[in-house]
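In what follows, a structure is listed as structure tokens, so that the remarks can point back to it.
A note on names: the letters A, B, ... follow the listed sequences, proteins ahead of strands, and every chain is numbered from 1.
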Number of protein chains: 2
Amino acid sequence: MLMNENLTRKEQVYLHATVMFKDRGYAATSMRDLANSLGIEAASLYSHIKSKEEILRKICFDIAAEFISGLIDIEQEDIPASEKLRKGIISHTKVIARDLASSAVFFNEYRCLSPSYLHDFLLLRINYINRFKKIIKQGIAEGEFVNIDIKLAVMTLFSSLNWMPSWYNHTENINQEKVSEELANMLIKGLKK
Amino acid sequence: MLMNENLTRKEQVYLHATVMFKDRGYAATSMRDLANSLGIEAASLYSHIKSKEEILRKICFDIAAEFISGLIDIEQEDIPASEKLRKGIISHTKVIARDLASSAVFFNEYRCLSPSYLHDFLLLRINYINRFKKIIKQGIAEGEFVNIDIKLAVMTLFSSLNWMPSWYNHTENINQEKVSEELANMLIKGLKK
DNA sequence: CCTACCGATCGGTAGG
DNA sequence: CCTACCGATCGGTAGG
């Protein structure tokens, strides 16, 4: 059962929808399923939201904004690429750990966005990936990292980070910060000379 | 356009379905979409297949079988854990590279299986993951790997490997074997002392 | 492989 | 937040 106290009805709708989109997928979750989990009729949902896709859009674009804003300050710092990368990884994992369900939807369900929103979403994603590519390029240029294929490196990085929501569990006695650090260590060690 | 020459109609149905499930998701792909991409009516599909889910089942369980069978010989070899892991990673990436679309469906759409098939599928997946865990445990026990959290290590490993189908592209001038080797190097280096 | 069609379910609206 | 309902679409079947 979801914790619903202190939430407005609208927030409850978003919360339940996020969890259901994560568990069953966006297309496989019907508005009747969602209404049922809230104990109301499907038609009643529409006094809180405009459409099913509006929910998906909010999840995807909110998380995208969090990822990018977490990275901006780090980019400006005058530190070695490995340290930038470490901080970037920790920032990224923090966004994920803060909201595992939304992150999972972000990673897996974005393609259900209608074409024009999907287009904008993909631009944001490319922008974010390019920022990490730039850090890795810096590390190679400064001789800190091995001369690895950039695309391979950055895709491996994101792959590792982005499946976190599907295996990382808040309730286990695993510490989020420790996980992030171990992960960052492992990945950076794989890149270093 | 898909290459359909030399394929039976049934094989064409499976091929088109796999690509569409990968691109749009299982739930979001209708039998009418599928029929349309083959230039026939939806009802005509059912002279080649029994149900929509039958297609998904075949994809998921065939790929599962390929993953496991690729690993069995490697496990028996009397070599260091790092070499077992390297061979395991290369075997795994070969299965993926051989059929990117099926692999993508395997990783992302399995949860659309009906409960009893989903149950069997998850057992196969746990079995496969445990085989890799055992290799990493061996490496830690023999002092070859750092004393990392096993779950973290194996999940990072699979995350890296399993997003391959979503970014790795056959048509680019990237060589599959080289990608596998670089990937294996990077990941094993992250584990080594 | 087609036409014709089934019951079920979909996202969403009207009106209160 | 409800009842009542819309047109569209779903997976699938019958019969040829």
Side-chain angles (χ1 to χ4, degrees), chain A residues 2 4-60 105 109-118, chain B residues 1-2 4-60 105 108-118:
Chain A
L2 287 168
N4 286 335
E5 310 101 52
N6 306 322
L7 293 183
T8 65
R9 202 54 155 160
K10 186 172 180 174
E11 288 167 339
Q12 287 176 36
V13 170
Y14 274 95
L15 178 60
H16 282 242
T18 303
V19 172
M20 295 179 83
F21 291 172
K22 172 197 146 223
D23 288 336
R24 317 182 186 188
Y26 174 79
T29 303
S30 76
M31 296 307 271
R32 280 154 181 87
D33 292 335
L34 174 56
N36 197 259
S37 91
L38 289 156
I40 60 176
E41 293 300 316
S44 306
L45 289 168
Y46 292 89
S47 43
H48 302 106
I49 53 153
K50 279 183 199 139
S51 69
K52 185 184 179 186
E53 201 195 320
E54 184 191 51
I55 304 175
L56 181 63
R57 284 202 298 264
K58 181 163 167 52
I59 298 168
C60 291
V105 173
E109 306 302 326
Y110 68 87
R111 61 188 167 161
C112 291
L113 290 167
S114 54
S116 72
Y117 288 99
L118 179 59
Chain B
M1 199 53 187
L2 287 167
N4 287 333
E5 309 99 53
N6 307 321
L7 292 183
T8 64
R9 203 53 159 160
K10 185 171 182 175
E11 288 167 337
Q12 287 177 36
V13 170
Y14 274 96
L15 178 60
H16 282 242
T18 303
V19 172
M20 296 179 83
F21 291 173
K22 171 197 146 223
D23 288 337
R24 316 181 186 189
Y26 175 78
T29 303
S30 76
M31 298 306 272
R32 281 155 181 87
D33 293 336
L34 174 56
N36 197 259
S37 91
L38 290 156
I40 60 176
E41 294 298 318
S44 306
L45 290 168
Y46 292 89
S47 44
H48 303 106
I49 53 150
K50 281 183 199 138
S51 69
K52 184 184 180 188
E53 200 194 322
E54 185 192 51
I55 304 176
L56 181 62
R57 283 202 297 265
K58 183 166 166 51
I59 298 168
C60 290
V105 173
N108 298 313
E109 305 303 325
Y110 68 87
R111 62 188 166 160
C112 291
L113 290 168
S114 55
S116 73
Y117 288 100
L118 179 58

Less than 4.5 Å apart, side chain to side chain, heavy atoms only: is that true for [X] and [Y]?
X       : Y        : result
B/Tyr26 : B/Arg111 : no
B/Ile55 : B/Phe21  : yes
B/Met31 : B/Ile49  : yes
A/Tyr14 : A/His48  : no

If you look at every heavy atom in [X] and [Y], which pair is closest and at what distance?
X       : Y       : result
A/His16 : A/Leu34 : CB-CD1, 3.7 Å
B/Asp33 : B/Ala28 : OD2-O, 3.9 Å
B/Ser44 : B/Ser47 : O-OG, 2.7 Å
A/Ile40 : A/Leu45 : CD1-CD2, 4.0 Å
B/Lys52 : B/Ala27 : NZ-O, 4.0 Å
B/Arg9  : B/Gln12 : NH1-OE1, 2.7 Å

Q | Strand contacts (DNA chain D) in residues 41-49 of chain A, 4.0 angstrom heavy-atom criterion | A | A/Glu41, A/Ala43, A/Ser44, A/Ser47, A/His48

Q. When all nucleic acid strands are considered with a 4.0 Å heavy-atom cut-off, which category describes A/Arg32: base, sugar-phosphate, or nothing?
A. base

Q) Please, what dot-bracket string fits DNA chain C when only Watson-Crick and G-U pairs with both distances under 3.5 Å count, crossing ones use [ ] and pairs to another strand use |? A) ||||||||||||||||

(Q) At a heavy-atom distance below 4.0 Å, which nucleotide of DNA chain D is the first touched by chain B, and which is the last? (A) D/dC10 to D/dT13

